[in-house]
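Comments concern the structure below.
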Amino acid sequence: MKKKWIWGAAVVLVLALSLGLYKFFTAHVVFFRRVLPSRPLALAAVDWVRLSEENDMGMQDWKKLLPEGLEPGQTGIDWSKKMYAFVSSKEYVGLLAAVCDEADLRRLLDEAAKKGQCTPVEDYRGFSWTVWDGSWMVGFGDGALLMMGPGLKADMDALRYDMLACFRQKEAESGMSSPLFAELDHKDASFRVVSRLDVLPNFRGVEFLEGLPEHANLSDVYVCAGLNLSPHGVTMEAEISSQNSDINKYYERLAFLGKPLDGEFAGRVPEDALAWACVNVDGGSLLEMLRQNPVARTFLIGLNMGVDADLIIRSIKGDVAVTVPASALQNPSNVLVTAHLAEKDFLKEAAYWKESAARSGAWTFRDFGNDRFYLAANGVQTYFGVEGETLYVTPEEEMTGWVSNPETETLSEWNSRIKDSRFFLWVNLEQVKRDPMMGALCRESGVDEGRKILDLFDAVVLRSSDARRLTLELHTRGNRNLLKDLLK
C-alpha cells in the first residue's frame, strides 16, 4: 500500500513539474510575441528551423547573412523561434526577435558601437537601448528584441517611448490580437506575410475599388501569402480575405474567370515561345464585361464596323489562350489568340462582311476560303478564321499555322496545374534572358546580382484557382538547393 502511495505521489509530481515547465516555456514564447505593436498594417514571419530543415541548411550556411567572423550562436538571438517583421500603425518598419542570451547580444552591440555603427548601449526603464545607423531604435530585454525605424534623430526619444509601451503591453493589447496576426497563423509556410491592401504601393488609389461595394475600404481587405522553396523553385501562394461581408459577397459573385481550364491549347505552344496565357470564359459574360470598359467598348464599336465582333465573341465558350512568340520582344503586337467555339453561326456573315467592305472602302476584307479571312483598317491587319472548333486571331499570317501544328511538350510538366487553374500565365525566362536589351539593361543599371538570380530560373508561372487565390512560381530545371544558391 505504501509503495502504491509513493508511486502515485511520484506520478502527480512529474505531471505537476511537466505542467509547470510547459507554462514557463509557453509563457516565454507568448511574452516575446506580445511585444508586437498593436494594429500592424503589415506582418511577416520567418520560421528559421523549418526553413533550415526544408532546405537541408545548417548554422554554417546561415553565417553568410551575418558579419564576417560572427557565428549565429554568438548573436544572443533565439533562432529556434519565429522572427517577425512588421509595418506599425504609425508606418514604422520593425523587427521582433526572441532573445536567448542578453549578454551575448549586448556584447555584439558594444562591438558595433566601437565601430561607429550604433550608439553605446544604455539602460532605461528596465530595458537596454541603442540607435543603429542613426535612424533605427533598438531595444531589448525580458527575452525580446524590438527594432523600429527609420526616423529622424529628433524622433528617437518618442519612438523609444512607443517601443517601451510595447514591451509592457498585455497580449490582448498587442499585435497578437490583430486580424492580421490571425491570418498569418493560418498560413502554412516557412515564410509568410499578410498586409492590408491599402499598404501595398501598387494598390493605392481608387482604381482598385472599381466593382467593389461603394462603401468598401481597402483597409478591410487583406492579402496573405506564404513562400516555400523546393528543389524545383520558389512558390508563393497568396489569398485575399476580408472581414467585410459585402466584400466577401463581391468575390463570391465574380464569374469572369469562368470554369477550370480544359487545357486544349496547351499542347500547341512552340518551344521558343515567349509566353502563354489562358482563361476559361463564357463569351456572353465576356462581352458584357468588355462593354463596361470605355477603351474596350470603343474598340468593339470600331471592330463591329468591319465584322460582327459581338456575335463572334458570344460564340466563345471555353478556353481562350494567348500565345506570344519571341518576336514580340521587338514587336509587341505579334500574338496569336485562340478560343474554343460553342457555335459558328457568324461564319454565315462572311459574304456580307466582304460586300460591306467593298461598298465602304474604309477597310479591306478578304475571304481565302475554308473559313480563313483577312481584315485590314487604319494600318492594322488581322488574320482570323476557324479550324475545327477553334477560333484564331493574329496579325501575322505565319502564326495561323500554329493552330494545326503538331503537339509540343513545352508545357507538359504544367498540365495538371493548368487544369486545376481558372487563369494560367507562363513566361519563358530563357527567351527573356536571350534578349540583347535585357543584357544591356542589367549592365547599364548595375544590377548584375539581379541577373545572377534570374539565371537560376527558366520560367515564371502565375496561376489562379479562383478569384481570391493566386500562385506565383519561379521554376528551375533539375534538382538543386535553391536557397544555398541564392545565398552564394
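Heavy-atom basis, side chains included; hydrogens, waters and symmetry copies ignored.
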Carefully, step by step, assess Ser327 and Asn334 under the rule side-chain hydrogen bond (donor to acceptor under 3.5 Å, both in side chains).
CA-CA 7 Å; Ser327 61; Asn334 284 2; 3.2 Å; yes

Give me the atom names and distance for the closest heavy-atom approach of [X] to [Y].
X: Gly151; Y: Tyr92; result: CA-CE2, 4.5 Å
X: Gly226; Y: Ala189; result: CA-CB, 3.7 Å
X: Pro40; Y: Leu180; result: O-CD2, 3.5 Å

Going by atom types only, do Asp123 and Ser128 share a side-chain donor-acceptor pair under 3.5 Å?
yes

No-hydrogen, no-angle side-chain donor-acceptor test under 3.5 Å, His232 and Glu473:
no

Applying side-chain contact (heavy atoms from CB on, under 4.5 Å), name anything that partners [X], two or more places apart in sequence or on another chain.
X: Thr410; value: Val269, Glu271, Thr408, Trp426
X: Val93; value: Trp136
X: Thr130; value: Leu109, Cys118, Thr119, Val121, Val138

Judged by atom type as modelled, is there a donor-acceptor pair below 3.5 Å linking the side chain of Thr476 to the main-chain atoms of Leu456?
yes

Quick check: does any side chain N or O of Gln169 sit under 3.5 Å from a backbone N or O of Arg34, one acting as donor and the other as acceptor?
yes

Compile the donor-acceptor pairs under 3.5 Å between side chains in residues 152-167 and protein atoms, sequence neighbours left out, one pair per line.
from	atom 1	to	atom 2	distance (Å)
Arg160	NH1	Glu122	OE2	2.8
Asp162	OD2	Lys90	NZ	2.9

Partner residues of Ser333 under the side chain to side chain donor-acceptor pair (under 3.5 Å) criterion, sequence neighbours left out:
Asn331

Name all residues meeting the side chain to side chain donor-acceptor pair (under 3.5 Å) criterion together with Glu264; count only those two or more places apart in sequence or in a different chain, and write none if there are none.
His340

Got more than 12 heavy atoms from elsewhere within 6.0 Å of CZ, Arg106?
yes

Pair [X] + [Y]: basic N to acidic O under 4.0 Å:
X: Lys114; Y: Glu111; answer: yes
X: Arg107; Y: Asp110; answer: no
X: Asp466; Y: Arg469; answer: yes

Step by step, would you call Leu336 with Val322 a side chain to side chain contact (heavy atoms under 4.5 Å, CB included)?
CA-CA 6 Å; Leu336 170 67; Val322 178; over 6 Å; no

Begin from the C-alpha positions of Arg50 and Glu54 and carry the test salt bridge (charged side-chain N to carboxylate O under 4.0 Å, His left out) through to its verdict.
CA-CA 6 Å; Arg50 177 173 172 177; Glu54 290 175 345; 2.7 Å; yes

